[in-house]
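Let me begin by presenting the structure, written as structure tokens, before commenting on it.
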Amino acid sequence: MEYLWTRGVRLVGDAKNVIPNTDHPTNGWAVKLKYGEIYHAAYIENTYPTFMEISEWNFKKCQYTKRFLGYDDYAIVGYVMPIKGINSE
């Protein structure tokens with residue numbers, strides 16, 4: 001989750017252990033995803049009425065990617081709002 005740190009979202013450990021703390025995606029927050037048994041966290045760049053734009057590392061092995069994700073995507077576990085002093089600057 002080093003990439004999220006570079007964007008100001010200070011999450012510690014593995015994405016599997018991240019606990020979502022909001023149901024509402026917002027620009028500058030994180031989204032927790034699950035693909036099979038693999039957990040993943042991505043940065044929310046922009047939100048739109050029915051989808052969001054996310055950026056991430058390692059969705060494709062060793063690559064930076066940006067993509068669009070609908071709010072009804074099966075992989076979404078929840079959203080993480082940075083909390084100052086806990087998981088943010």
Side-chain angles (χ1 to χ4, degrees):
M1 289 191 293
E2 289 179 35
Y3 173 68
L4 291 173
W5 277 66
T6 68
R7 301 305 305 265
V9 180
R10 308 287 194 236
L11 301 180
V12 179
D14 189 274
K16 180 179 181 178
N17 300 319
V18 170
I19 300 170
N21 59 7
T22 183
D23 294 328
H24 306 286
T26 300
N27 298 355
W29 295 1
V31 57
K32 180 178 179 176
L33 306 159
K34 184 178 182 190
Y35 297 100
E37 295 302 312
I38 306 296
Y39 288 87
H40 183 68
Y43 182 78
I44 302 171
E45 294 281 348
N46 294 296
T47 54
Y48 301 95
T50 59
F51 63 93
M52 64 187 129
E53 179 183 18
I54 61 172
S55 61
E56 60 208 330
W57 272 98
N58 288 327
F59 179 69
K60 293 182 180 180
K61 189 175 180 176
C62 298
Q63 293 183 37
Y64 168 81
T65 52
K66 267 190 169 181
R67 59 190 174 115
F68 296 100
L69 197 64
Y71 298 125
D72 60 351
D73 193 285
Y74 73 95
I76 297 173
V77 175
Y79 305 97
V80 182
M81 171 182 64
I83 300 172
K84 192 171 182 105
I86 297 175
N87 63 358
S88 68
E89 294 182 272

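Only this structure's heavy atoms are used, side chains among them; waters, hydrogens and symmetry mates stay out.
Under the 4.5 Å side-chain heavy-atom criterion for ILVMFWY residues, no single connected hydrophobic cluster contains both Y3 and F68. Under the 4.5 Å side-chain heavy-atom criterion for grouping Ile, Leu, Val, Met, Phe, Trp and Tyr, I19 is not connected to V9 through any hydrophobic cluster. Linking ILVMFWY side-chain heavy atoms closer than 4.5 Å, directly or via other members, places Y79 and M81 in a single hydrophobic cluster. In the hydrophobic clustering of ILVMFWY residues, with side-chain heavy atoms under 4.5 Å counting as a link, Y74 and I54 come out together.
When all heavy atoms of Y71 and P25 are compared, the closest pair comes out as CE2-CG, 3.5 Å. The two residues P82 and G28 come nearest to each other via the heavy atoms CG-O, 4.1 Å. The two residues W29 and T22 have their closest heavy-atom pair at CZ3-CG2, 3.7 Å. For the residue pair A42 and L4, the shortest heavy atom distance occurs at C-CD2, 3.7 Å.
Residue D14 holds its CG atom at 9.0 Å from CD1 of I38, rounded to the nearest 0.5 Å.
Checking side-chain atoms of K32 against main-chain N and O of K16 turns up a donor-acceptor pair under 3.5 Å.
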Please report, to 0.1 Å, the donor-acceptor pairs under 3.5 Å made by any side chain of residues 44-52, with sequence neighbours excluded.
| residue | atom | partner | partner atom | Å |
| --- | --- | --- | --- | --- |
| E45 | OE2 | R7 | NH1 | 2.5 |
| E45 | OE2 | S55 | OG | 2.7 |
| N46 | ND2 | E53 | OE1 | 2.8 |
| T47 | OG1 | N27 | OD1 | 3.2 |

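When side chains are defined from C-beta on, I76 counts as touching L33, because their heavy atoms get closer than 4.5 Å.
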